[in-house]
Amino acid sequence: DIVMTQSPLSLPVTPGEPASISCRSSQSLLRSNGNNYLDWYLQKPGRSPQLLIHLGSNRASGVPDRFSGSGSGTDFTLKISRVEAEDVGVYYCMQAQQSPRTFGQGTKLEIK
Amino acid sequence: QVQLQESGPGLVKPSETLSLTCTVSGGSIRGYFWSWIRQTPGKGLEWIGFVHSTGNTDYNPSLRSRVSLSLDTSNNHFSLRLISVTAADTAVYFCARHYNSGSFPLDYWGQGTLVTVSS
């Protein structure tokens, strides 16, 4: 299985400040079509996960443009340009390169 | 708007079978992949497997010997069956739909249902 490793596991952020989460995979998520098979999800408190980013850098429908995804191969980053109170929760990366799909451990973003 | 709702027993005895159903509303079950994912404090999010409306399935090897997924297009729902459960199968179980392009991400999720394995 592909192992997904996120850092940091806890991320306190002041509202209005940027935030960055790293996700590394044990194998490359880049396919010959040029796409990286990496998705990002946010699980808000008491809720189910919601899709933020797919194929490494494509924002899902309705996701604010303060969220952006980047990276290729085995190293990926989710950035929030200016954190808002509604962004609190646990962020997960998930690889879709091969079966079984596997998730990172999660990064808990909290407001300072 | 597509909505998913899990249903089934919240308590299952050890060695028995866990059965859950995910009812899809606001859209057809046809033409999509549908997954089950579970979440525990210790192991985080774990993908269990998917079923396509054509009947095609794929399972996590860690559960393959005990799990089966099925789909009912007439009633617009799909189901999970996990046999020989132990306390390690205690988790919140989510059903989710795969978007039909790219990395086939999970774009719609149910609210999740807690299943406890205990005598």
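Just so it is clear: chains get the letters A, B, ... in the order the sequence lines come, proteins before strands, and each one is counted from 1. Model, not experiment: these values are computed from the prediction.
Taking CG of Asn36(A) as the start and NE2 of His54(A) as the end, the distance is 13.5 Å to the nearest 0.5 Å. Considering CZ of Phe78(B) and CZ of Phe50(B), their distance stands at 12.5 Å, rounded to 0.5 Å. A distance of 15.0 Å separates CD of Glu46(B) from CZ of Arg101(A), quoted to the nearest 0.5 Å. Atom CG of Leu69(B) is separated from atom OG of Ser79(B) by 9.0 Å, given to the nearest 0.5 angstrom. Here the CD1-CD distance, from Ile111(A) to Glu86(A), works out to 10.0 Å after rounding to the nearest 0.5 Å.
Heavy-atom neighbours of chain A within the stretch residues 89-104 of chain B, taken at a separation under 4.5 angstrom, comprise Phe94(B), His98(B), Gly102(B), Ser103(B), Phe104(B). Near-neighbour residues of residues 19-41 of chain B relative to chain A, defined by a heavy atom under 4.5 Å from a heavy atom of that chain, comprise Ile37(B), Gln39(B). Heavy-atom neighbours of chain A within the stretch residues 111-119 of chain B, taken at a separation under 4.5 angstrom, comprise Gln111(B).
Listed for the Tyr41(A) side chain is a donor-acceptor partner under 3.5 Å among the backbone atoms of Leu106(B). A donor-acceptor contact shorter than 3.5 Å links the side chain of Asn60(B) to the backbone of Trp47(B). In this structure, Arg66(B) contributes its side chain and Ile83(B) its backbone to a donor-acceptor pair below 3.5 Å. Using modelled atom types, one side-chain atom of Asp39(A) and one backbone atom of Leu55(A) make a donor-acceptor pair closer than 3.5 Å. The backbone N or O of Ile2(A) sits less than 3.5 Å from a side-chain atom of Thr102(A), completing a donor-acceptor pair. Arg66(A) places no side-chain N or O within 3.5 Å of a backbone atom of Ile80(A) that could act as its donor or acceptor partner. Put simply, the side chain of Gln6(A) gets close to the backbone of Tyr91(A): a donor and an acceptor are under 3.5 Å apart.
Looking at Asp107(B), both its backbone and its side chain come within 4.5 Å of chain A, counting heavy atoms on both sides. In this structure, the portion of Gln43(A) lying under 4.5 Å from any heavy atom of chain B is its side chain and not its backbone.
Sorted by first and then second residue, the pairs that involve residues 19-112 of chain A and meet disulfide bond (SG atoms under 2.5 Å apart), not counting sequence neighbours, are Cys23(A)-Cys93(A).
Seen from the ring of Tyr37(A), Arg31(A) counts as a face-on cation partner, given the 6.0 Å and 45° thresholds.
Contact tally against chain A (heavy-atom pairs below 4.5 Å) for Gly49(B), Pro105(B), Gly44(B): the top residue is Pro105(B).
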